Amino acid sequence: MASSKSYDIKDATLAEPGRRRIQWASREMPVMNLLRERFAAEKPLSGIRIAACLHVTTETANLALTLKAGGAELMLCASNPLSTQDDVAAALVDYGIPTSAIKGEDAVTYYEHISNAVSQKPQITVDDGADLVTTLHTKREDLIGNLIGGTEETTTGVIRLRSLEKAGGLRYPIIAVNDAQTKYLFDNRYGTGQSTIDGITRATNILWAGKKVVVCGYGWCGHGIAMRARGHGAHVIVTEVEPVRALEAVMDGYQVMPLMEAAAVGDIFVTISGDKNVIDKPHLQAMKDGAILANSGHFNVEINIPALENLSSGRREARPFVEEYTLCDGRRLFLLGEGRLINLAAAEGHPASVMDMSFANQALCIEHLVKSQGKLKTRVHSVPVEIDRQVARLKLDAMGISIDTLTPEQEKYLKSWQEGT
Ligand SMILES: NC(=O)c1ccc[n+]([C@@H]2O[C@H](COP(=O)([O-])OP(=O)(O)OC[C@H]3O[C@@H](n4cnc5c(N)ncnc54)[C@H](O)[C@@H]3O)[C@@H](O)[C@H]2O)c1
């Protein structure tokens, strides 16, 4: 594995504030703290080489410390060029976890960091967007023999991996952590909901009340963003391509219409679809002067930025994370955070309390991969239901909330078909 010198960070002197912020996040991560204690005692990952490509945030640092406590040899790189918290990267190196991640790194450096992580011959990959798996399958097939398995954190990564599996190309088992209920119901919905509003607010300082906010995509993340924008007093319009989700948005009380219609009336547009060119040239041409464009989906492809550039006669930075594009007809459109996930670019990503559950799933799935070495089929697996329920139980315990249990009579009744009214 890499020596503790094999890292690339912005500034090592940021380690101390980074440490303090990691400790602050840890206060809201009781499940992760419990797992860390158990991992430290049992060492379930002893000597296992793990490459993790994740947003380098305070919450990720807490996961990294848990894996290290469990005996893993961990190497970390960023899963997005703009999501790294440089003080956290510095603190991780100080904790002895080789980390290669710099906020604002260019595409070449971003892929160099991934390639560096992969070249450490990991036995487990931990992805957020499937860039490690993709690199191993396309450029470093020679290393695939070392792999026990991998985990995937986000919807877009799971989609890529399922498509690789369908094409017959997947070479080692992956657990789709995103698809655990204790992940997407909380992280995607409440985490993305709150932190996306936070990112847009920090970047622009706008008042949400009275604004027309267009949410493109009504998946779990879209649910959260629409809900929180409405909570701030915005008038929310949802656009969708999938009829059931569009219907759900209607019944949840939002206005639903094609984006071409919404384009002319929206004040703020947020893409959260995992799809490409959702906001395209005709939409940009129809928008009002002053419209704000943000993306919270995984890749920066949801807003057609090249089209925006082509339509523009000039651009300037209006404020940090706000790029003002002046169109040839004089209208101005404001693109936030270079079209990259705005909650991580301009804010701090999800609050620690939800990442507690997402990353508890990660830690337990990694332990499961190690325990099941050689037994799992080469495909994309769901998170074992026992892990999902264990995370929910531990989180409830930590919140001091107890729930009812079925009586033997109820258990029998719920399994039977004989009894009616
Ligand atoms: N910002 C973050 O921190 C964060 C956190 C979790 C997930 N994500 C990412 O957010 C994206 C969405 O995740 P999700 O879990 O909500 O996914 P999802 O699959 O549940 O929902 C996506 C929705 O977008 C819709 N859609 C697709 N193309 C569209 C189009 N052209 N116009 C309108 N709607 C369209 C789909 O029909 C679907 O309902 C993914 O890229 C995911 O990786 C980001």
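Quantities reported herein were computed from a predicted structural model and do not represent experimental measurements. For ligands, and for the atoms within them, numbers begin at 1 and follow the listed sequence. Computed over heavy atoms, backbone and side chain alike; hydrogens, waters and symmetry mates excluded.
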If you have a sec, work out which protein heavy atom is nearest [atom] and how many Å separate them, to one decimal?
| atom | value |
| --- | --- |
| atom 8 (N) of ligand 1 | T154 OG1, 3.6 Å |
| atom 17 (O) of ligand 1 | T155 CG2, 3.4 Å |
| atom 3 (O) of ligand 1 | N343 ND2, 2.8 Å |
| atom 21 (O) of ligand 1 | G219 CA, 3.1 Å |
| atom 16 (O) of ligand 1 | C221 N, 3.0 Å |

Tell me which one of S273, G224, S296 gets a heavy atom nearest to atom 24 (O) of ligand 1.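 Result: the heavy atom closest to atom 24 (O) of ligand 1 is in S273.
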Would you say H223 touches ligand 1, if touching means a heavy atom closer than 4.0 Å?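 Outside the 4.0 Å threshold, so no.
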Please confirm whether the backbone N or O of [Y] pairs with a side-chain atom of [X], one donor and one acceptor, at under 3.5 Å?
| X | Y | result |
| --- | --- | --- |
| K121 | L143 | no |
| T60 | V56 | no |
| Q120 | A117 | no |

Of the backbone atoms (N, CA, C, O) and the side-chain heavy atoms from C-beta on, which set of T196 has a member under 4.0 Å from an atom of ligand 1: side chain, backbone, both, or neither?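 Neither part.
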Ligand 1 N/O within reach of [X] N/O, cut-off under 3.5 Å:
| X | value |
| --- | --- |
| K183 | no |
| G297 | no |
| T192 | no |
| E240 | yes |
| E302 | no |

Could you check whether D179 pairs with K183 (Lys NZ or Arg NE/NH1/NH2 to Asp/Glu carboxylate O, under 4.0 Å)?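 Answer for the salt bridge query: no.
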With side-chain contact (heavy atoms from CB on, under 4.5 Å) as the criterion, how do K103 and K10 come out once you've worked through the C-alpha distance, each side chain's angles and the decisive distance to 0.1 Å? CA-CA 8 Å; K103 186 169 179 115; K10 185 170 182 199; over 6 Å; no
Salt bridge (Lys or Arg N to Asp or Glu O under 4.0 Å) partners for R319, two or more places apart: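 Partners of R319 under the salt bridge (Lys or Arg N to Asp or Glu O under 4.0 Å) test: none.
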Please identify each residue that fulfils salt bridge (Lys or Arg N to Asp or Glu O under 4.0 Å) with E324, with sequence neighbours left out.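 Salt bridge (Lys or Arg N to Asp or Glu O under 4.0 Å) check on E324 returns R316.
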Determine the interplanar angle of the H298 and H55 rings, folded into 0 to 90°, and report it as parallel if under 30°, tilted if 30 to 60°, perpendicular if over 60°.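 Judged by the thresholds at 30° and 60°, the geometry between H298 and H55 is tilted.
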Under 4.0 Å from any heavy atom of [X], which atoms of ligand 1 are there?
| X | value |
| --- | --- |
| L341 | 1 (N) |
| R245 | 18 (P), 19 (O), 20 (O), 21 (O), 38 (C), 39 (O) |
| E242 | 37 (O) |
| T156 | 40 (C), 41 (O), 42 (C), 43 (O) |
| H298 | 9 (C), 41 (O), 43 (O) |
| H350 | 2 (C), 3 (O), 5 (C) |

Checking R202 against F321: charged group under 6.0 Å from the ring centre and within 45 degrees of the axis?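 R202 over F321 ring: no.
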Check: H350 ring centre within less than 6.0 Å of F359 ring centre: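 H350 vs F359: aromatic centres not under 6.0 Å.
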